[in-house]
Amino acid sequence: MELKAILEHHILDHIWTFFSLGPLTLPFSKHVLMMVIAALVLLIGLPALISSKSPALAPFRSMVEIIVLFLRDEVVGPNLGHKTAAYLPYFSTLFFFILAMNLAGLVPYGATATGNLAVTGGLALTTFVLLNVSGMREQGVVGYFSHLVPKGVPFWLYPLLFPMELLGMLTKTFALCVRLFANMIGGHIVVLSLISLIFIFGGLNTALGLGVTAPIAVLMVLFVMLLELFVAFLQAYIFTFLTAIFTGAAMHPH
Amino acid sequence: MEALIRPEFGLMFWTIFIFILLVLILSKTAWKPLMKAVEEREHGIRHDREAAEKARLEAEKIKEGLEAGMAALKIEIEARLNEARAAGVRERDLIMEDARKSAALLIETAKTELESQKNAMVRELKDKVAELAILAAERVLQKTIDQKADRELVNHFLKELETGDSKYKLGK
């Protein structure tokens, strides 16, 4: 088996079936399943955890609470100001949804739904819509577009800067999409490559593969897996943080 | 491998659909009770802090009042003490004066008493002497036979006096 085939098998989505829903042809695939599992875990787990009074669950309850309070005080609050309370549920859900999908990819037999450009693209699209809608709601449609170009710019630059700002909005969200996607598959590719090393060296010499390469590769894989665990939290935070910054900038242009 | 960068639009739809559904449901079921609990706690903490601050201010006010009362009390005690001391001195002087006066009076009365007693005794003595003289004269007159008898008589009388006949004894 070639490395390419292995990577394709582990990283790409596997569409099992298509079904039609009105005009839409929707796939049912491995990543859809993982996404649904992550969503169900959040949908059932979070309300149960938050409303439970069990002292055994108290540490987990306060973990969720600490994260939400951190998002409120450090991420959403400084950017959205007095609108924080209204938008906090969106950002909390965004963070926990991405985190749950990232972590689902680290579980055996799991797959990383966020390691799919369609999934991260969908999330980035919601951010794109959010920042435009929130900006228009805050300043009005005309005010929003007139504030797209920063103040103090000579008027003859407007025709040049307006399309650039529009383009900037697209690239910002596109970068969000690619950043999450690349970070999530990067770790997996490294892990798969390291494990493949064992078999490459094992093909040359069985003793070399098992005795020398295997322990080193397994240790390295362990390290990369821990790194991936960290990256899972980090990327969820970065996506949420950048979304908050973009939304804040769209709402308050000054 | 180009499938890696070829987004499946159905999957994108799923993502957006599931995410929006999650936002809508979790807002109601998870974040609302969580934020409610957090805000209740924060409110409670703020309320407690305010109450503590108020209580502290009140205690300070009470302490201030107490201190002022103590100071006033101290001044009053001082004044009362001084007053009492002055009154005591006055009283003592008065009593001393009184005692001195009454002692003088007592001495005066004793003196007059003594004087009158003395006078009475002198008078009595005079009477007694006169009586004795008359008695002696009587005896002399009864026995004027001879000088010898007279002398004898007088001597006898004097002896009688010396032996302590109570009848003629001087004084008591």
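Here is the naming used below: chain letters follow the sequence lines, and residue numbers restart at 1 for every chain. In what follows, every heavy atom counts, from backbone to side chain, and hydrogens, waters and symmetry copies are set aside.
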S.K.: Is it the backbone or the side chain of Ser92(A) that comes under 4.5 Å from a heavy atom of chain B, or both, or neither?
M.R.: both

S.K.: Please state whether the side chain, the backbone, both or neither of Arg72(A) comes within less than 4.5 Å of a heavy atom of chain B.
M.R.: side chain

S.K.: Any idea which of Leu123(A), Val129(A), Val64(A) has the most non-hydrogen atom pairs under 4.5 angstrom with chain B?
M.R.: Leu123(A)

S.K.: Given side chains that start at C-beta, do those of Leu88(A) and Trp31(B) come closer than 4.5 Å, heavy atoms only?
M.R.: no

S.K.: Mind checking the CG-CD1 spacing from Leu40(A) to Ile18(B)? Nearest 0.5 Å is all I need.
M.R.: 8.5 Å

S.K.: Given side chain to side chain contact (heavy atoms under 4.5 Å, CB included), test Thr15(B) with His31(A) step by step and report yes or no.
M.R.: CA-CA 10 Å; Thr15(B) 308; His31(A) 284 170; over 6 Å; no

S.K.: Among Leu22(B), Thr29(B), Ile25(B), which residue forms the greatest number of heavy-atom pairs with chain A at distances under 4.5 Å?
M.R.: Leu22(B)

S.K.: Could you look at Val119(A) and say if it's the side chain, the backbone, both or neither that has a heavy atom under 4.5 Å from chain B?
M.R.: both

S.K.: Heavy atoms only: give me the nearest Leu11(B)-Ala118(A) pair and the separation to one decimal.
M.R.: CB-CB, 3.9 Å

S.K.: As an exercise, state the distance from OH of Tyr90(A) to CG of Leu26(B), rounded to the nearest 0.5 Å.
M.R.: 13.0 Å

S.K.: Rounded to the nearest 0.5 Å, what's the gap from OG1 on Thr120(A) to CE on Met12(B)? Could you check?
M.R.: 7.5 Å

S.K.: CD of Glu108(B): more than 12 outside heavy atoms within 6.0 angstrom?
M.R.: no

S.K.: What is the distance from atom CD1 of Ile50(A) to atom NZ of Lys32(B), rounded to the nearest 0.5 Å?
M.R.: 13.5 Å

S.K.: State whether the number of non-hydrogen atoms from other residues, nucleotides or ligands found under 6.0 Å of Phe199(A) atom CZ is greater than 12.
M.R.: no

S.K.: Select one option (side chain, backbone, both, neither) describing which atoms of Phe19(B) are under 4.5 Å from chain A's heavy atoms.
M.R.: both

S.K.: Under a 4.5 Å heavy-atom cut-off, does chain B meet the side chain of Leu125(A), its backbone, both or neither?
M.R.: side chain

S.K.: Under 6.0 Å from the CZ atom of Phe70(A), do we count more than 12 heavy atoms belonging to anything else shown?
M.R.: yes

S.K.: Which bit of Val23(B) comes within less than 4.5 Å of chain A, counting heavy atoms only: side chain, backbone, both or neither?
M.R.: both

S.K.: Checking heavy atoms, do the side chain of Leu94(A), its backbone, both or neither come under 4.5 Å from chain B?
M.R.: both

S.K.: When rounded to the nearest 0.5 angstrom, what is the spacing between CG in Leu46(A) and CG in Leu34(B)?
M.R.: 9.0 Å

